[in-house]
Amino acid sequence: MASLPSLAVGGATLHRLDSDPRKLLPASAVPLEKKLAYQRRPPAAEGVQEASAPPLDAQEALALLREGTAVESAFYVPLLQRCVETKSLPDAGVVHAHIIKTGFHQETFLSTSLVNLYMKCGSTEYARKVFVTLPRRNVVAWTAMITGYVHNSQPTDAIGVFLHLLESECYPTSFTIGAVLSACCALSSIEIGKQVHGYVIKYGAESETSMGNSLCSLYSKCGSFESCLKVFERIPDKNVISWTTAISSCGDNGYPELGLSIFANMLSENVEPNEYTLTSVLSLCCMVRDLRLGKQIHSFCIKFGCEQQLPVKNSTIYLYQKCGEINEARRLFDEMDRVSLITWNAMIAGHAQRMNWAKDDIESNLSGFEALKVFQKLNRSGTKPDLFSFSSILTVCSSLLALEQGEQIHAQTVKTGYLSDVVVSSALLNMYNKCGCIEDAIRAFLEMSTRTLISWTSMLTCYSQHGRPKEAIRLFENMRSAGVRPNQVTFVGVLSACSHAGMIDEAEYYFDMMTDEYGIRPVMDHYACMIDMFVRRGRLEDAFAFVDKMDFQPNEIIWSILIAGCRSHGNKDLGFYAAEKLLEIKPKGIETYVLLLNMYISAERWQDVAKVRSLMKDENIGIIRDRSWISIKGQVSFFLANDKSHPQSTEMYNLLENLLREATSLGYVPYKSVEVSVKEDEESSNGSSTIKHHSERLAIAFGMINTAEGATVRVVKNITMCRDCHNLVKFFTTITKREIIVRDSKRLHRFTDGKCSCGDFGAFL
DNA sequence: CGCTCATAAT
């Protein structure tokens with residue numbers, strides 16, 4: 001929180017200063033010639049060529065001034081405007097010097113323009129110097145100072161100037177208040193914002209549309225979405241800006257559907273949207289992944305003639321990219337003659353998003369590598385990546401388990417200074433976590449200058465995933481001491497940590513704390529953690545009792561945990577009961593069916609096997625392929641179970657045979673072979689399973705052959721590991737003295753010295 | 001006064 005004692009301490013400060021009801025004048029009450037100094041030229045739309053130069057040739061005019069030619073005061077006006085456009089500080093100096101020489105600096109109007117000019121050129125110091133020597137200060141000068149400080153990222157100074165203004169003889173206008181509210185936004189200070197709001201109400205400016213719009217935006221950006229909507233509803237004459245603010249606020253606060261319905265209301269009230277509105281609406285379509293609606297909005301943009309505008313285009317590209325229409329996205333991108341950094345970022349983020357929605361892991365990987373290519377092109381284009389680029393690309397590296405690329409990007413964030421951004425450093429932490437490098441993740445966390453809820457939660461779940469529950473819980477307590485309020489996701493991390501450690505009392509304690517102290521309603525995930533914990537300790541009755549505590553229907557995941565638990569603890573009857581319940585809700589996940597089939601097959605309940613298979617046909621569950629992949633030097637190799645298609649197969653199989661022999665001599669005993677694939681009937685149901693090597697073994701063997709001795713091998717697998725492979729890989733690490741990391745569909749396994757970080761409590765097929 | 005791109009989970 002910024003230190004603004006005069007405001008923060010005395011809530012009444014603003015009001016006490018003046019009780020003159022005229023203290024806030026409507027903007028129109030400011031004499032016209034004084035308004036000129038404040039008038040800002042609307043920024044040229046991105047992607048559109050600047051309008052042709054004004055009649056005045058600025059260079060010639062500046063040359064005249066340098067020669068010392070005497071001019072009239074009116075001569076400066078267009079020149080000052082021109083300098084504002086070019087943002088040239090040296091030119092500003094030339095004009096300023098001449099004005100002083102000719103004595104025109106006594107004219108308030110010119111000097112006020114100079115304040116504005118210096119602010120626009122980024123020199124708040126020069127602006128302040130001119131301002132304090134002004135012979136007479138009108139509201140335009142005050143407002144130029146406030147706006148200038150806001151634009152130069154000095155919001156605290158902006159508020160300071162406002163306080164001085166209130167003590168002066170000047171009256172703020174709605175422009176002034178608008179600038180002050182922007183300062184509150186930049187400070188994320190809802191406290192000061194509320195006081196300004198009170199001021200606005202007191203002096204009767206609340207009904208002014210622009211005021212309502214500013215307040216609406218303030219509340220939205222300070223996380224008070226309810227107030228934002230309330231203010232919006234109370235604006236008597238809503239204009240297109242009011243509607244756009246409300247619509248984009250819905251997106252910012254995670255209510256895209258509401259935003260779309262407000263857009264519908266806007267249309268039914270016959271307010272015409274503009275490019276700002278349509279850009280926001282396109283973004284909402286992205287959030288809900290509604291390509292059909294998005295295409296309609298895109299045609300809308302074409303109808304309005306704004307589809308070429310850069311922000312509109314960026315949103316459109318992102319939409320197509322995220323929804324998998326990569327050719328369309330690429331076409332739009334290639335057609336553009338001018339792109340902005342946001343365009344690049346939208347391409348990268350679009351690919352990153354598509355990874356989550358791809359139809360299979362091959363497509364997902366392709367998307368990830370496309371994102372890396374775009375990032376590389378961005379670097380070569382001469383444009384500097386920003387925090388958005390870095391956060392997106394680091395997330396891509398996490399999903400790909402692309403540690404080498406991730407490390408390079410880490411170096412780049414250090415060089416460019418973007419690592420100091422919380423979002424970037426959180427993304428980095430996450431990248432190291434997903435790649436199995438917990439030490440680097442911890443370092444990233446420790447080196448953060450500020451930590452958000454997400455940084456803490458990321459670190460916490462990182463400890464939990466790496467099988468270090470005690471540290472997870474210690475971190476949770478540190479987080480609370482630091483005054484950071486945990487949310488639902490944080491508690492998933494805490495509960496799963498307790499679950500892994502079998503800390504039942506602690507889990508129950510934190511479960512109660514979540515509801516009692518933080519008022520967070522437990523959702524499915526929290527119940528899943530608790531039930532999982534009881535199941536792991538073999539307390540099946542407690543697990544089923546906890547299911548009864550839920551005030552909603554358990555989902556597929558919960559029943560699957562129970563079934564798996566019943567199987568491993570040999571309670572067939574409870575397992576069959578859970579399976580009945582599961583079948584009632586018609587599961588969707590392919591792994592759920594594998595679990596069911598394996599259970600019924602091992603119990604030789606062939607009628608049930610047939611029932612499950614027919615349900616799979618009804619629900620259109622396809623076949624599952626056991627697949628693993630490994631990335632070496634930017635090259636991904638995919639493997640199926642018993643894959644012999646790779647040129648190095650012979651070597652790989654020989655290596656595996658040797659490893660198996662050594663493992664056996666060290667005491668490895670295979671578990672009864674488990675059918676992982678669900679293929680067509682005859683292969684799996686007759687029990688003549690020929691599976692010898694599941695895919696991760698092949699990927700690991702390939703990794704060992706193609707990396708230096710002793711190097712860590714990192715493999716990703718599309719489904720859960722089976723118990724047998726999990727056990728065998730532990731032996732591999734002992735034999736080869738290598739660390740092996742396997743990220744399966746459920747969790748991360750870091751194998752070292754014959755042990756796994758999951759503590760063998762992972763869910764196995 | 002309003003727009004587009006970014007981080008956490010069983």
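Each chain gets a letter, A, B and so on, in the order its sequence line appears, and its residues count up from 1.
Neither OP1 nor OP2 of B:dT4 sits under 4.0 Å from any side-chain N or O of A:Lys322. Listed pair A:Tyr318 / B:dA6 meets the phosphate criterion, a side-chain N or O lying under 4.0 Å from OP1 or OP2. The phosphate of B:dC3 (OP1 or OP2) has a side-chain N or O of A:Ser248 nearer than 4.0 angstrom. Dashed line: the shortest gap from a side-chain N or O of A:Gln353 to OP1 or OP2 of B:dC5 is not under 4.0 Å. The shortest distance between the side-chain N/O atoms of A:Asn314 and the OP1/OP2 oxygens of B:dC5 is not below 4.0 Å. Using a 4.0 Å cut-off, no side-chain N or O of A:Ser242 falls inside it from OP1 or OP2 of B:dG2.
Counting any heavy atom pair closer than 4.0 Å across all strands shown, A:Gln488 reaches no nucleic acid atom. Note on A:Lys238: nothing from the nucleic acid sits closer than 4.0 angstrom, heavy atoms only. Among the atoms of the strands shown, base atoms are found under 4.0 Å from some heavy atom of A:Asp525. Within 4.0 Å of A:Ser315, counting heavy atoms only, lie sugar-phosphate atoms of the nucleic acid but no base atom. Residue-level contact check: A:Thr279 touches the bases, meaning some heavy atom is under 4.0 Å from a base atom.
Atom OH of A:Tyr320 and atom C1' of B:dC5 are 18 Å apart (whole Å). To the nearest angstrom, C1' of B:dT10 lies 14 Å from CG of A:Leu562. Taking atom CG of A:Asp421 as the reference point, atom P of B:dA8 lies 14 Å away to the nearest angstrom. Atom-to-atom, NE2 of A:His298 to C1' of B:dC3 comes out at 16 Å; the value is rounded to the nearest Å. If you measure from atom CG of A:Asp744 to atom P of B:dT10, you get 11 Å, rounded to the nearest angstrom. Here B:dC1 presents its C1' atom at 5 Å from CG of A:Asn213, a figure rounded to the nearest Å. When the P atom of B:dT7 is taken as reference, atom CD1 of A:Ile409 falls 14 Å away, rounded to whole Å. Nucleotide B:dT10 holds its C1' atom 11 Å from the CD1 atom of A:Ile531, rounded to whole Å.
With contacts defined as side-chain heavy-atom distances shorter than 4.5 Å, the pair A:Lys434/A:Ser399 does not qualify. Counting heavy atoms from C-beta outward, A:Cys756 and A:Arg750 have side chains that stay 4.5 Å or more apart.
The aromatic ring of A:Tyr276 sits over the base of B:dG2, with ring centres less than 5.5 Å apart and planes tilted by under 30°.
When the ring pair (Phe, Tyr, Trp, His ring centres under 6.0 Å) test is applied to A:Phe225, the partners found at least two apart in sequence or on another chain are A:Tyr255. A:Phe491 pairs by the ring pair (Phe, Tyr, Trp, His ring centres under 6.0 Å) definition with A:Phe476, A:Tyr518, not counting sequence neighbours. Residues forming a ring pair (Phe, Tyr, Trp, His ring centres under 6.0 Å) with A:Phe263 (at least two apart in sequence, or on another chain): none. Under the ring pair (Phe, Tyr, Trp, His ring centres under 6.0 Å) criterion, A:Trp559 pairs with no residue at all, not counting sequence neighbours.
Set against B:dC3, B:dA6, B:dC5, the side chain of A:Ile342 has B:dC5 as its closest nucleotide. Comparing B:dC3, B:dA6, B:dG2 by their nearest atom to the side chain of A:Leu387 picks out B:dA6. Distances were taken from every side-chain heavy atom of A:Val240 (C-beta onward) to each of B:dG2, B:dC3, B:dC5; the shortest belongs to B:dG2. Side-chain proximity of A:Ile241 to B:dG2, B:dT7, B:dC5: nearest is B:dG2. Side-chain atoms of A:Ser210 lie closest to B:dC1 of the nucleotides B:dC5, B:dC1, B:dA9. For A:Ala427, taking side-chain heavy atoms from C-beta onward, the closest of the listed nucleotides B:dT10, B:dC5, B:dT7 is B:dT7. If you check B:dA9, B:dT7, B:dC3 against the side chain of A:Lys434, the one that comes closest is B:dA9. For A:Thr457, taking side-chain heavy atoms from C-beta onward, the closest of the listed nucleotides B:dA9, B:dC1, B:dA8 is B:dA8. Distances from the side chain of A:Val489 to the nucleotides B:dC1, B:dT10, B:dA9 place B:dA9 closest. In this structure, of B:dA8, B:dT4, B:dC1, it is B:dT4 that holds the atom nearest to the side chain of A:Asp252.
Sorted by first then second residue, the salt bridge (Lys or Arg N to Asp or Glu O under 4.0 Å) pairs that include residues 454-469 of chain A, not counting sequence neighbours, are A:Arg468-A:Glu471.
Between the side chain of A:Asn487 and the base of B:dA8, a donor-acceptor pair under 3.5 Å is found. Between the base of B:dG2 and the side chain of A:Asn239 there is no donor-acceptor pair shorter than 3.5 Å.
A salt bridge links A:Glu370 with A:Arg330: at least one charged nitrogen is closer than 4.0 Å to a carboxylate oxygen. Using a cutoff of 4.0 Å between basic side-chain nitrogens and carboxylate oxygens, A:Glu325 and A:Lys295 are scored as salt-bridged.
For DNA chain B, none of the residues of residues 441-449 of chain A falls under the heavy-atom distance limit of 4.0 Å.
Within 6.0 Å of NZ in A:Lys377 there are 12 or fewer heavy atoms belonging to other residues, nucleotides or ligands.
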